[in-house]
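The figures here come from the full heavy-atom set of this structure, side chains too, leaving out hydrogens, waters and symmetry mates. Residue numbers begin at 1 in each chain, while the letters A, B, ... track the order of the sequences.
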Amino acid sequence: MSPMLVVIKKEITDALKNKLFLIILGMLLLLTIVSVVLGSYQVKVSLDSYNQSISFLKSLGKTTFPAAPNLNPLSSSKSFVNYIGLLGALLAMVLGNASVVKEKRSGTLKLILSRQIFRDTFLNGKVIGNMILLFAITFVTSIITLVSVVVISSAPISSGDIVRMFLFFLMSFLYMTFFLVLGIFLAVLIPNGNKALLITVIIWLVISFILPQIGDTMDMDNQLPGGFFSSMGMNKADTQKVLDHFKFYETTRDGIEQMSPTKHYERVGFALLNIKPGFEQNTALEVLSIKWIDVLGLLAPSIILWLLAYMVFLKRENIYQE
Amino acid sequence: MKTKKTIFSVLFLLTLVFSFMQNGIQVFASEVPNITTNYEIVPGETTNARIALENTDTVSHTYTLSTGQLPEGFNGYFSLDGNVVNNITLDASQKNIIDFFIDVPLNTSVADMSIPLEIIRDDGVKESLSVSFTLNQDYALSISSNIQSLKAINGDSIMLEIGITNTGNKDLTDLSLQVDPPYKWIVENVDPANLTLKPGENSLYKLKVTIPSSGQAGQYPINISCTNSDVTSNSISIPVNVSTSVNYFWWITGIIGVLLIFTILYFKKHGRR
Amino acid sequence: MNSIAVFAKKEFKTAYKDKVFLVIVLLFLLMSIASVYIGSTTKSAEMQAYQDIVSMAQSQGSAIPTAPEIYPLAILSNIIEYVTMIGAVLAIFLGFDAFSGERENGTLRLLLTRPFYRDQIITGKLAGAGMIIGALLSVTLLFNLGLFTVATGMIPNLSEILRLALFMILAFVYMMSFYIATLFVSLKTRDRAFGFLIMMIVWIFISFVIPQLADTQRNFAYALSSVSSTVTQVPTDTAISRIIELLSPAVQFKNISSDLLQVVSSTAFDSVFSIIKKNILAIVTIMLPTVIFLIFSYTSVQKENVL
């Protein structure tokens, strides 16, 4: 069997024996089920409530009715975006860090590297093995979500919606892959395994919370409830004249947000799930082609870190010491 | 400027008296001058007619109110004290005034029409009456655009041309374009700022809309209408497909490419192990 | 020297030698400074925007809108998020190897052979962590006050200083509650990394998952209203959402802090005592886990298996 395949198989087996991984995975699945069930139930109640309102209005003799609320069955996955951003990222970081650190601590890294396996092949096996795990996790959660939406919400769901949902879970997989590769890269770069984990967590904090928080803080309209401009009684035309003075501020704010893969994941996720308006008429692939920058924002950092991990792992002489 | 909705409270008084020998529903004129059996409606607005209903019987009755078939786009309903009703209960000899509202669509080809109203008492006694309308076409405005959809990149400006026609019978002055763009988009150089059109006259508005460079890719509608103190036109929506500049793609791919080449060279230099 | 003081001094020195810890401290300081800067810049931008609006209204001859209510302490309000996020992680970082690190290094056995009581070790570590967090928050308070005065040109009055001081005390209690919980986990777990990650999961639940679950219950009520065409523009709390929020000290901390830092306009000029009175249940929600974990820590350290 190819050495890389051996490493992949070992990686999957080790992860399934990792207590922490199983705890986080259990929580993620539980939260997914709870949030999707709650979300689907919400859609069902909205649908029932709307139908009741229509019957009532008909009995009053009205001939025009309010538009149906946006009964978007895909929106039941909205909370999942947040849970992946938190627990999914943590899961991936734990996997990535543990895959290298445990080998160092148990002394098996020395043993493996003394065999006929190139270092880059070894690293590839680690990354691919963990990616297979993450893919399996997102696939299982996508099936759970689809079944909950169809069975509980009773809202009509088309084949286009199903494709959108699976593509959304693919984006979730790409997002978690970034943190996996980050965890592996830092575990390879920093000799002390615990320190590597802590730094990974700090980077995650900065990317997932601090950068988006700065972006939100700098958006003037977020500073007052209901929006600053509407609190001034301004209409759109007047708002625009004022905004014209703050172009540089706005560019800086956007630049900060663009540095966060979490923001990219959120943007492409919300577009696919129809939570962000304006994409209802597009097919799933059209949405991805419109939001290509966000997909690239998820892929590019992973590729860059993977290449850097190659170079560090190749050169380090003390790679098996902690 | 927001669309001004003028509700005509034309008191429409029916002088038709229904005489039923045994018991009566009386729909009568109240003591208000300017009684007419015909009233004006304006496209895009709501007209209010008033019907005075009297129970001339010696016992209490419930009356069901309904309208006949309305032309397409029209909506009619009865209202009592601000609430939509389709029936009313009157004690013996009690009178009440009921409002009849009719919503007129903005685009209608109906010039004259007669709407039948039916009042049915709980014991089946029925009375019908007709209400006549004449469309007031003095002030009417229509806008259009040949643009089905637009494509643009973040940070770009787009030019729009909006056609406008005075479809009414009177001059329209001080017409201004109302543009509702997405959040943080800037509308500039609306030309002309104000317009006057004679009946049947056309003109063209030109405007520039700037998309913020920080905007996200997606489809965004620009909603446009035209208005003055007398009338508001139909609203049109122009979808704009915003995409991110492809330069970003080249930059990012370039960085990855450089790093890949560097990695290969690094492996060649230090040897694969 | 008093045993507790010895432990406290050791904790204090060790923490500031750790580069990663210093990075987090620097991050916290930078973010709180940045938040004052961003907050005051945004408020200045709002005032500038308001002046533009007034000029425009004057040129058009239309009515001038009333000036936005700008409460001075609201400029510092972003620090609430940073305490909830970075402050809590900092406390976790301080505490995660308090015992498990000593155990792995073998210094715990050595300590226990000395004439110290075991509870003195806990108290000493608590005192040390308290000094570190207290020093950090004091520096942040002074920085914020200074920057606030420089950026806005306003000098806070006594009531505002009192509000700010009370906020810092609450932030101290909030961060110490995370430290104490982490200390307990460190006592119980053998693996430092495992203990750290367990506390990170707890932090995620308290700070994000529970508030979001509460939010879904809040939105649920709103959706019903909008569908039946009655006007309910703002999502309303339901009994369920409030009960769920009680499980999260983070939400309670944010609620009290919003009142103290004049984020909520209705309580912007209330006295400090009325704010405390209004939020007494929230204060208890923050204090309760702290006290529980403290008791557990003291009892756990007495057991043989702590070694």
K.L.:
Taking side chain as C-beta onward, heavy atoms only, is C/L197 less than 4.5 Å from A/F21?
P.N.:
no
K.L.:
Under a 4.5 Å cutoff for heavy-atom pairs, which residue among A/L86, A/L198, A/L197 has the most contacts with chain C?
P.N.:
A/L198
K.L.:
Can you name the one residue among A/V201, A/L205, A/I202 that meets side chain to side chain contact (heavy atoms under 4.5 Å, CB included) with C/I24?
P.N.:
A/I202
K.L.:
Between C/Q212, C/E81, C/M200, which residue shows the highest count of heavy-atom pairs closer than 4.5 Å to chain A?
P.N.:
C/Q212
K.L.:
Got a second to check how far C/D191's CG is from A/N194's CG, nearest 0.5 Å?
P.N.:
7.0 Å
K.L.:
Can you tell me which of A/L20, A/V34, A/I199, A/L87 forms the most heavy-atom pairs within a distance under 4.5 Å of chain C?
P.N.:
A/L20
K.L.:
Less than 6.0 angstrom separating the ring centers of A/F209 and C/Y82, yes or no?
P.N.:
no
K.L.:
Is the closest side-chain heavy-atom distance between A/I23 and C/I198 below 4.5 Å?
P.N.:
yes
K.L.:
Does any heavy atom of chain C fall under 4.5 Å from the side chain of A/M27, the backbone, both, or neither of them?
P.N.:
side chain
K.L.:
Between atom CG of C/D18 and atom NZ of A/K195, what is the distance when rounded to the nearest 0.5 Å?
P.N.:
5.5 Å
